[in-house]
2 protein chains.
Amino acid sequence: MLNKYSKEDKALLAVDCIVFGFDGEDLKVLLIKRDFEPEKGKWSLIGGFLKKEEDLDKAAIRVLDHLTGLDNVYMEQFYVFSKVDRDPEERTISVAYYALIDIDSHNNEGTHLETAKWFSLKEAPELIFDYDQMLDKAVASLKRTIKINPIGFELLPDKFTMLQLQNLYESVLDEKLDKRNFTSKINALGILVRLNEKDKSSSKKGSYLYQFDTNKYNEKLKDGFVFKI
Amino acid sequence: MLNKYSKEDKALLAVDCIVFGFDGEDLKVLLIKRDFEPEKGKWSLIGGFLKKEEDLDKAAIRVLDHLTGLDNVYMEQFYVFSKVDRDPEERTISVAYYALIDIDSHNNEGTHLETAKWFSLKEAPELIFDYDQMLDKAVASLKRTIKINPIGFELLPDKFTMLQLQNLYESVLDEKLDKRNFTSKINALGILVRLNEKDKSSSKKGSYLYQFDTNKYNEKLKDGFVFKI
DNA sequence: TCAAAAGTGTTCACCGTACACCCATGG
DNA sequence: CCATGGGTGTACGGTGAACACTTTTGA
């Protein structure tokens, strides 16, 4: 097809997803053994190519679903990687997304998870292409964002304990936090509801379960509320 | 050329630059009358296509230089726009950058500036494609970033007065700030040097000129310093 | 009854904010 | 000498950080 732009160079567009997960203890990343050339058999991020009839957000969702069976996941674009030779096969520009999921709640899905595996951030293997760099950048981006947006709740089950929430923040930020200060800070935000339900799995006393209250949060946003941890 | 990826769809990649400028008074954006089809003659952002042999950062620099003559400019990628029909002519994915420049210092360059024009943000005309949306998103991104990174200095001449700096922040954030608080906050950062030079252009007493001290700033960064206004 | 985790308050230092007067100078 | 913009300090409330003991209950 000839048109006004016909003399311009075209390129392949990839979407690559850094899938972060949390199991109540550690922050992990989902990697996959690549099953096609080049670099077949090596550890890789979850990636695929943009198709004609979809935008990037849709492509990211499709690719993740296709490679892992994961569905209904929070995803956000965070950077574009475009070094000329980043993919040795052909010029490919990659739009990187990170995804956040609660590992335990998604255990049942993930029918394709034989090829994918969760790695603790510190134990992740070396990745192909510029994926190590992408991973670093995604972690940095997550650290920054989780302090000013309530995206952390995407990494937790619907109901969670204060300790789980604190563990999550400690994992992402990679620092210890004080329990009392953390609790009161979170409570002061006024965007969680404490249920009349306890999780007794980890203590005799049991710990209260909390839920993120989307409505309250949106109400507060309208009044100029700024989420900040 | 056939290769492993040969069945994948390709797309055009555009870079579009939102060029912000400051003249000591107002925050402005540089727009251009488009001189090619489609939409020839209408107001547009500064944009062009990515070439085979360059990465996106280089393309952004080239496009800006080519269309405006502006050189040596701070630029940062901030979002990718990929709606399927965002360019009616052909599927085009646009990586958007914003650029920051001090209008007065660059007055001499800009040999091509007959077709480009500075608009105050509030008086900018309607733009083609999804460029209005891009502009909005760039402004939001700038507001967020200028509070936590010293990018504001890119919009000022090498030497500037405290009042110019304050005007800049007021323009970007679109709110009034208190002179005494602003000055002491800035001074407390310890990343400016006050010169033994005064700018007498706007008063009899004259006001001190300041310079951003990159070395001091980098030193402080190493010690975990966080820029915050 | 005791071990193990949950829940809860106070103090203090620092920071952000509100607020108004004197200074220097050219005309 | 005076009009104009430049420069400066203080008081107060609020927020973030450090810090430890009591409660619950299943085993």
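Numbered from 1 within each chain, the chains take letters A, B, ... in sequence-line order.
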Pairs under 3.5 angstrom, nitrogen or oxygen only, protein versus nucleotides 11-17 of chain C, please.
none

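Listed by first and then second residue, the salt bridge (Lys or Arg N to Asp or Glu O under 4.0 Å) pairs involving residues 217-229 of chain A are A:E219-A:K222 (not counting sequence neighbours). Listed by first and then second residue, the salt bridge (Lys or Arg N to Asp or Glu O under 4.0 Å) pairs involving residues 160-185 of chain B are B:K122-B:D174, B:E170-B:K176, B:D178-B:R180 (not counting sequence neighbours). Residue pairs meeting the salt bridge (Lys or Arg N to Asp or Glu O under 4.0 Å) criterion with at least one member in residues 127-150 of chain A, sequence neighbours excluded, are A:R86-A:D130.
With sequence neighbours left out, A:K58 forms a side chain to side chain contact (heavy atoms under 4.5 Å, CB included) with A:E54, A:D55. Residues meeting the ring-ring contact (aromatic ring centres under 6.0 Å, His included) test with A:Y131, sequence neighbours left out: A:F129. The side chain to side chain donor-acceptor pair (under 3.5 Å) check on B:Y74 picks up B:E76, with sequence neighbours excluded. Partners of B:S82 by side chain to side chain donor-acceptor pair (under 3.5 Å), not counting sequence neighbours: none found. Here B:F78 pairs with B:Y98 under the ring-ring contact (aromatic ring centres under 6.0 Å, His included) rule; sequence neighbours left out.
If you check residues 159-177 of chain A against DNA chain D, you find no residue with a heavy atom closer than 4.0 Å.
When the nearest nucleotides of DNA chain C are assigned to A:S202 and A:R180 by heavy-atom distance, the more 5′-ward of the two goes with A:S202.
The aromatic rings of A:F227 and A:F153 sit perpendicular to each other, their planes meeting at more than 60°, with 30° as the lower class boundary.
For D:dT8, one of the phosphate oxygens OP1 or OP2 lies less than 4.0 angstrom from a side-chain nitrogen or oxygen of B:R194.
For A:D178 and C:dT10, the CG to P distance is 16 Å, given to the nearest whole Å.
When distances run from any side-chain atom of B:Y208 to the nucleotides D:dT8, D:dG7, C:dA6, the shortest one goes to D:dG7.
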Generate the contact string for nucleotides 21-27 of chain C. Rules: B means base contact, S means sugar-phosphate contact only, - means no protein heavy atom under 4.0 Å. --BBBB-
Indicate every side-chain donor-acceptor pair of residues 154-161 of chain A with a distance under 3.5 Å to a residue at least two apart or in another chain.
from: A:D158; atom 1: OD1; to: A:Q211; atom 2: NE2; distance (Å): 3.4
from: A:D158; atom 1: OD2; to: A:Q211; atom 2: NE2; distance (Å): 2.8
from: A:K159; atom 1: NZ; to: A:E197; atom 2: OE1; distance (Å): 3.1
from: A:K159; atom 1: NZ; to: A:E197; atom 2: OE2; distance (Å): 3.4
from: A:T161; atom 1: OG1; to: A:Q164; atom 2: N; distance (Å): 3.1

